Amino acid sequence: MLIKRPGMPYLVDMPAEARLVMEGFFHKIPYQERLGLSILGYSFARARVHLPFSPTLIGDPENGFLHGGAITSLVDSASGLAMLLALPSVQRIATLDLRIDYMRPALSRDVVCESECFRLTRQVGFVRSVVSQEGGDDAIACGLGTFMRIAEDLAGRGPERPR
Amino acid sequence: LNWLLAAIAEAHARESPDPLIAAIPYMAALGMRGAVTAEGIVTRLPHDEGLIGNPFLPALHGGVIGGFMEATAILQLLWSVEAGTIPKTIDFSLDYVRSARARDSFAACRVVRQGQRVANVAVELWQEDRASPSAVARAHFLLAR
């Protein structure tokens, strides 16, 4: 873990109900629901997100390889969640850029993305991701995303701890 | 003639990339369409509520933007290179310049360099005003011939 975590409450420390609200929000995003994304786990500044295989994700029907857009969607969603989990309070974010390197083709199987916000400044967050598939130890892709923190709470102060 | 070369031949015969889109499940499922213009392939992604990534604005999901742009680059390469296999994406770098709202989107690309094995492609996505893109991207593709 590279980001220093000051002794203040973070989103991830909130009571279960607050975290359920966040998970509920993840599932209110129409395209993420269409893909069937689910949160496998999360902790401070980290998220693990699952993309189930679907024939509609295939970009190379001859070899059964997934289209890069499927991976981009997974990495974007998981990166945004990791970024939110690094923030001291609920805040809007905007993706500035996203780079994905494809180390090997994605086969016709489920995909998992593990994202980590490794640096957070008052205005910007940097998130890296590793994408893998069941049955393969090696990563199929790597992602690097940059996010802008919008409006509220630019000072980076956390909320009062819930009582 | 393999399935892809057959689809490319049909696309050229119909002066439209749509036969290629129909042959590639991801592109067909996204609902994209294409046209051939003097500058190359121009694609259109009709608005669909299911593609939203930010319900508050509302705006398209970043992954839809990236996938649509990557698909456009692949269509352009298939159209011009006439390879017998789908180009493999080596890397894809995407800048979100402004949010892509809940309306039709368009994309076009420029093959910056095409070598024997690798192509470098620049892609732009816009909505109402071509001069104000919502996203710009560059990608490298591996061309197997």
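Throughout, protein chains are lettered first and strands after them, A, B, ... in sequence-line order, and every chain is numbered starting at 1. Just so it is clear, the structure is predicted and the values come from calculations on it, not from any experiment.
- At least one side-chain heavy atom of B/W3 sits under 4.5 Å from a side-chain heavy atom of A/E62.
- Heavy atoms of other residues, nucleotides or ligands lying less than 6.0 angstrom from CD of A/E33 number more than 12.
- Follow the hydrophobic side-chain contacts under 4.5 Å out from B/V111 and you reach B/I8 in the same cluster.
- The same ILVMFWY cluster, assembled from side-chain heavy atoms under 4.5 Å apart, contains both B/L5 and B/F141.
- Contact detail for B/L30 and A/Y31: the closest heavy-atom pair is CD1-OH, 4.3 Å.
- Here the CG atom belonging to B/L4 is positioned 8.0 Å from the CG atom belonging to A/D60, to the nearest 0.5 angstrom.
- For the 3.5 Å distance criterion, the side chains of A/Q32 and B/H61 qualify, holding a donor opposite an acceptor.
- The distance from atom CZ of B/F56 to atom NZ of A/K28, rounded to the nearest 0.5 Å, is 8.5 Å.
- The distance from the CE atom of B/M27 to the OG1 atom of A/T56 is 13.5 Å, given to the nearest 0.5 Å.
- Note that the CG atom of A/D101 and the CD1 atom of B/I90 stand 10.0 Å from one another [nearest 0.5 Å].
- Pairing each heavy atom of A/A70 with each of B/Y26, the nearest pair is N-CE1, 3.9 Å.
- No other option in B/N54, B/I74, B/I86, B/I65 has as many heavy-atom pairs under 4.5 Å with chain A as B/I86.
- In this structure, A/L98 and B/Y96 have side chains that are in contact, with non-hydrogen atoms separated by less than 4.5 Å.
- B/V123 and B/W126 fall into different hydrophobic clusters, where Ile, Leu, Val, Met, Phe, Trp and Tyr are joined by side-chain heavy atoms under 4.5 Å apart, directly or via other members.
- No side-chain heavy atom of A/P30 sits under 4.5 Å from any side-chain heavy atom of B/E49.
- Nearest heavy atom pair, residue A/Y102 against residue B/T89, reads CB-O, 3.3 Å.
- Both the backbone and the side chain of A/I58 come within less than 4.5 Å of a heavy atom of chain B.
- Note on A/I140 and A/V130: separate hydrophobic clusters, where clusters join Ile, Leu, Val, Met, Phe, Trp and Tyr whose side-chain heavy atoms are under 4.5 Å apart, directly or indirectly.
- Among A/G145, A/G80, A/G69, the residue with the largest count of heavy-atom pairs under 4.5 Å with chain B is A/G69.
- The shortest distance between side-chain heavy atoms of B/L94 and A/R99 does not fall below 4.5 Å.
- Ranked by heavy-atom pairs under 4.5 Å with chain A, the list B/H140, B/R138, B/E70 is led by B/E70.
- Closest of all the heavy-atom pairs between A/P105 and B/K88 is CG-CE, 4.1 Å.
- The environment of CZ in B/R130 is crowded: more than 12 heavy-atom neighbours from other residues, nucleotides or ligands sit within 6.0 Å.
- The shortest heavy-atom contact between B/A23 and A/P61 is O-CG, 3.5 Å.
- Of all the heavy atoms in B/I52 and A/I29, the pair that sits closest is O-CG2, 3.7 Å.
- Here B/A71 is the residue among B/A71, B/A137, B/G66 with the most heavy-atom pairs under 4.5 Å with chain A.
- A salt bridge between A/R34 and B/D48 is present, with a side-chain N of the basic residue lying under 4.0 Å from a carboxylate O of the acidic one.
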